[in-house]
Number of protein chains: 2
Amino acid sequence: MRSYDEAVGLLKGRGVRITPQRTAILQYLLSHRTHPTADEIYRAIQPSYPNVSVATVYNNLRAFQEAGLVRELTAGDHASRFDVNMVPHHHAVCDRCGKIVDFYHPQLDGLAEAMEEELGFAVTEQRIEVHGLCRECRQRPS
Amino acid sequence: MRSYDEAVGLLKGRGVRITPQRTAILQYLLSHRTHPTADEIYRAIQPSYPNVSVATVYNNLRAFQEAGLVRELTAGDHASRFDVNMVPHHHAVCDRCGKIVDFYHPQLDGLAEAMEEELGFAVTEQRIEVHGLCRECRQRPS
DNA sequence: GTTCTTGCAAAACTTTTGCAGCAGT
DNA sequence: ACTGCTGCAAAAGTTTTGCAAGAAC
């Protein structure tokens, strides 16, 4: 998912109404590709929409998920994180600074087919997370 | 990690004391390779150890993690799950019955090296989760 | 004996829910 | 106008914490 218009088009196509709150959440997700938590989104849009509630953020993130617009991730801490990038990709989570870098590696293609053959498992989603230290944190003393 | 004795040896080697509660948790993990949640473990050992507290289960799962004996997973629901299998492997989560099947596929080897070269990222852990329907659930009507 | 662990209750935090009023289509 | 969304507060669920008493080494 790249542009706001594209995202709104998708939502409308699935019968999801466009409200100011949803616009705000969507804009935040699209302009901060940092895989924020629900609470981060809430605090970010709070100044401009002083009366959005946390519940609304959760409701809408779920609505977006059901529409196939975002996925829910987990970075190891105990709060879900959300990702609007629907192009297949994976995540490198830095365990020191918490940053999540998207990456793609062709080595991981074909896994779904292999699993279907070997285990009879019908894959609907791959969730590949690699943990470690990013380039910057490696060069910094602990 | 395969046997109880092996696990206890590792814990002792790291200065982790062996208590009845820890024994119970460990035995449960080793005999139920179902990647239970903290609460499942709590309820399972409750009859035999009527006064263990949930806090103790959490404390000990964390102690085990720090000793490198278990890893924390997430199956998409909002409770952490715990895994004693320290042999490199991945997880196929059935989104209908919740079962987690361990699997290993050589296609996933070498990923860490590739990431180090391309992104300068020092990988400490791979967390590969595939979601979908298991063989049994596919054959069952929804 | 020393130090780590337990157990309790309470707190902190994340996520969901019910429902009256409101807004998008 | 219809239907779905919002916002509030409250509930449900998960995880952490403080501390005195007890247990492992």
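These figures come from a predicted structure and were not determined experimentally. By convention in this document, chain letters (A, B, ...) are assigned in the order of the sequence lines, proteins followed by strands, and residues within each chain are numbered from 1.
Although no hydrogens or angles enter the test, the distance criterion places a donor-acceptor pair under 3.5 Å between the side chain of Arg22(B) and the main chain of Arg17(B). With Arg138(A) contributing its side chain and Gly120(B) its backbone, the two residues share a donor-acceptor pair below 3.5 Å. Here the side chain of Arg81(B) pairs a donor or acceptor atom with the backbone of His35(B) at under 3.5 angstrom.
Residue Arg14(A) places no side-chain N or O under 4.0 Å from the OP1 or OP2 atom of dG4(D). Applying the 4.0 Å criterion to OP1 and OP2 of dC8(C), one finds that Ser53(B) has every side-chain N and O outside that range. Contact check, Gln21(B) against dA23(D): no side-chain N or O comes under 4.0 Å of OP1 or OP2. OP1 or OP2 of dC4(C) has not a single side-chain nitrogen or oxygen of Arg22(B) nearer than 4.0 Å.
In the hydrophobic clustering of ILVMFWY residues, with side-chain heavy atoms under 4.5 Å counting as a link, Leu73(A) and Val123(A) come out apart. A continuous path of ILVMFWY side-chain contacts below 4.5 Å connects Leu111(B) to Met115(A), so both sit in one hydrophobic cluster. Under the 4.5 Å side-chain heavy-atom criterion for Ile, Leu, Val, Met, Phe, Trp and Tyr, Tyr104(A) and Ile128(A) are members of distinct hydrophobic clusters.
The side-chain heavy atoms of Val84(A) and Phe64(A), taken from C-beta on, include no pair separated by under 4.5 Å.
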Going 5' to 3' through nucleotides 18-25 of chain C and flagging B where a protein heavy-atom sits under 4.0 Å of the base, S where only the sugar-phosphate is that close, and - otherwise, we get -----BBS

How does each nucleotide of nucleotides 10-15 of chain C score, in 5' to 3' order, for protein heavy atoms under 4.0 Å: base (B), sugar-phosphate only (S), or none (-)?
----SB

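Residues from residues 41-52 of chain B with heavy atoms under 4.0 angstrom of DNA chain D: there are none.
Between Tyr28(A) atom OH and Tyr42(A) atom OH the span is 14.5 Å, to the nearest 0.5 Å.
Side-chain contact annotation: His78(B) with Glu72(A), donor-acceptor N/O pair under 3.5 Å present. Checking Tyr4(B) against Thr23(B) by side-chain atom types alone, a donor-acceptor pair falls below 3.5 Å.
Rounded to a whole Å, the CD atom of Glu66(B) is 14 Å from the C1' atom of dT5(C).
His89(B) and His91(B) have perpendicular rings, their planes meeting at more than 60° on a 0 to 90° scale where under 30° would count as parallel.
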